[in-house]
There are 2 protein chains.
Amino acid sequence: MNQRSKHAVTVLRSILRVTASYDRLVTRDTGLTVSQLLLLRILEEEGECPAGTIASRMGISQATTTSLLHKLDQKGLVQRRRGDIDKRQVWLSLTNDGVDKLANAPEGLQTKFGERFEALADWEQSMLVAGLERVASLLDAEKLDASAVLTAEEMLRVQTESEAS
Amino acid sequence: MNQRSKHAVTVLRSILRVTASYDRLVTRDTGLTVSQLLLLRILEEEGECPAGTIASRMGISQATTTSLLHKLDQKGLVQRRRGDIDKRQVWLSLTNDGVDKLANAPEGLQTKFGERFEALADWEQSMLVAGLERVASLLDAEKLDASAVLTAEEMLRVQTESEAS
DNA sequence: ATAGATTTGTTTGGTCATCAAAGTTTATTG
DNA sequence: CAATAAACTTTGATGACCAAACAAATCTAT
């Protein structure tokens with residue numbers, strides 16, 4: 001691998017590290033982990049839906065989903081309801097508290113990054129987004145056939161809508 | 001926050017997710033987690049050094065470092081030695097097995113991403129790297145005063161050198 | 001219908017990363 | 001020398017995550 005692609009990977013890693021620290025801050029501020037928040041956001045956008053939908057949207061196993069739900073349930077942020085037609089399913093929805101919590105959750109990464117991003121010139125914003133998308137596609141192409149992860153597009157849909165405040 | 005910056009965050013997140021899955025693959029292939037590999041790489045580059053150096057280079061606590069070291073020690077990949085001048089210090093170094101393991105470790109993210117990246121036109125490579133660096137700086141600026149994390153530059157040094165095979 | 005396969009979700013039992021706080025040993029400094 | 005600081009370890013948590021075993025419900029092909 002040439003020097004430049006190594007460098008690209010390096011920078012990518014540094015991005016990962018910084019975002020991870022943001023996540024820690026958000027967790028401290030909200031009392032909700034990033035995974036938990038993501039689950040709530042998906043639920044907000046999706047409306048009532050079965051647990052499996054959450055799992056595939058988040059790209060995690062059913063087992064992990066169950067445990068996340070357990071915690072959110074304890075906190076009183078989500079509700080579970082047995083399916084009518086298919087009784088194996090568990091339909092999920094936000095409680096009022098869940099909705100509130102989401103509404104008040106700081107957006108962490110978003111807020112800080114967003115400010116700076118918006119301070120950039122228009123052309124630069126476009127360029128950066130295009131670049132990120134390109135990188136995502138380079139990574140993703142390899143990934144897609146290897147496991148059940150959302151496509152970039154699906155993720156885009158999930159988060160663009162749910163994060164629109 | 002405007003639509004475009006939301007979108008930028010979304011794409012960033014999708015990148016995070018994909019890289020996380022890569023990490024899982026690497027772990028399965030090597031029997032070493034990404035943290036463990038990173039520790040080894042730093043040790044390779046740094047040469048024998050005290051535990052604290054590892055902690056600050058990795059941006060993790062001493063406690064975490066100790067536990068990582070414990071595992072690598074058990075696997076026989078690192079050696080610990082009490083400092084001569086300062087006996088509080090624990091000097092670390094790779095064992096022969098550690099060196100071998102590192103040499104044979106697949107680079108995961110690197111390899112796959114690298115191939116695709118190198119297939120791009122030269123100008124596009126430059127553009128992407130520049131974009132990533134810009135994004136890192138947007139994120140990092142906010143971050144630096146909030147906790148003890150490596151600066152982009154430090155990380156760059158660490159990984160550029162250690163990953164040069 | 002009905003036995004067998006599949007799907008949905010839960011449980012159980014692990015691994016790993018990570019931290020804070022308390023503890024130990026060894027410097028350092030007033 | 002006594003107090004303080006530094007370098008590491010231990011202890012005790014939390015959280016994410018998964019695989020495998022399980023239960024319940026549904027589907028399917030005979």
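We use all heavy atoms of the structure for the numbers below, so side chains are in, but hydrogens, waters and symmetry mates are not. In what follows, chains carry the letters A, B, and so on, assigned in the order in which the sequence lines appear, proteins first and then strands, with residues in each chain numbered from 1.
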Worksheet item: With Arg4(B), which residues qualify under side chain to side chain donor-acceptor pair (under 3.5 Å), at least two apart?
Response: Asp122(A), Gln125(A), Ser126(A)
Fill in: Results of side chain to side chain donor-acceptor pair (under 3.5 Å) for Gln36(A) - residues two or more places apart only
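With sequence neighbours excluded, Gln36(A) shows a side chain to side chain donor-acceptor pair (under 3.5 Å) to no residue whatsoever.
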For the pair made of [atom1] in [X] and [atom2] in [N], what is the distance, rounded to whole Å?
X        : N       : atom1 : atom2 : result
Leu39(B) : dT18(C) : CG    : C1'   : 14 Å
Arg80(B) : dT10(D) : CZ    : C1'   : 12 Å
Gln36(A) : dC17(D) : CD    : C1'   : 14 Å
Leu68(A) : dT11(C) : CG    : C1'   : 15 Å
Ile54(A) : dC17(D) : CD1   : P     : 14 Å
His70(B) : dT11(D) : NE2   : P     : 11 Å
Lys75(A) : dT14(D) : NZ    : C1'   : 11 Å
Leu69(A) : dG9(C)  : CG    : C1'   : 10 Å

Worksheet item: Is a side-chain N or O of Lys75(B) found less than 3.5 angstrom from the main chain of Gly31(B), in a donor-acceptor match?
Response: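 Yes; judged by distance alone, with no hydrogens or angles, the pair exists.
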Discussion item. According to salt bridge (Lys or Arg N to Asp or Glu O under 4.0 Å), who are the partners of Arg81(A), at least two apart in sequence or on a separate chain?
Written reply: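 Scan of Arg81(A) (salt bridge (Lys or Arg N to Asp or Glu O under 4.0 Å), adjacent residues dropped) gives Glu48(A), Asp84(A).
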Discussion item. Using a heavy-atom cut-off of 4.0 Å across all strands, would you classify Thr33(A) as base, sugar-phosphate, or nothing?
Written reply: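 Since only primed, P, OP1 and OP2 atoms lie under 4.0 Å of Thr33(A), the category is sugar-phosphate.
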Worksheet item: Can a side chain N or O of Lys71(A) be found less than 4.0 Å away from OP1 or OP2 on dT14(D)?
Response: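 Answer is no, no contact under 4.0 Å.
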Discussion item. Side-chain N or O of Ser35(B) versus OP1/OP2 of dT18(C): is the shortest distance under 4.0 Å?
Written reply: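 Checking dT18(C) against Ser35(B), a side-chain N or O does come within under 4.0 Å of OP1 or OP2.
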Worksheet item: Looking at CD1 of Ile54(A) and CD1 of Ile42(A), how far apart are the two atoms once the value is rounded to the nearest 0.5 Å?
Response: 5.5 Å
Discussion item. Would you say that Ser93(B) contacts Leu43(B) through its side chain, given a criterion of any heavy-atom pair below 4.5 Å between the two side chains?
Written reply: no
Discussion item. I want to check something: taking the side chain as every heavy atom from C-beta on, are Leu72(A) and Leu92(A) in contact at a cut-off of under 4.5 Å?
Written reply: no
Fill in: Among Arg88(A), Arg82(A), Gln89(A), side chain to side chain donor-acceptor pair (under 3.5 Å) partner for Asp86(A)
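Among Arg88(A), Arg82(A), Gln89(A), the one meeting side chain to side chain donor-acceptor pair (under 3.5 Å) with Asp86(A) is Arg88(A).
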Pairwise N/O distances under 3.5 Å, protein to nucleotides 2-5 of chain C:
none

Fill in: Under 4.0 Å protein heavy-atom contacts per nucleotide of nucleotides 19-30 of chain C, with B for base, S for backbone only and - for none
BB----BBS---
Discussion item. Holding to side-chain contact (heavy atoms from CB on, under 4.5 Å), I want the full list of residues that pass it with Lys87(A), two or more places apart in sequence or in another chain.
Written reply: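 Scan of Lys87(A) (side-chain contact (heavy atoms from CB on, under 4.5 Å), adjacent residues dropped) gives none.
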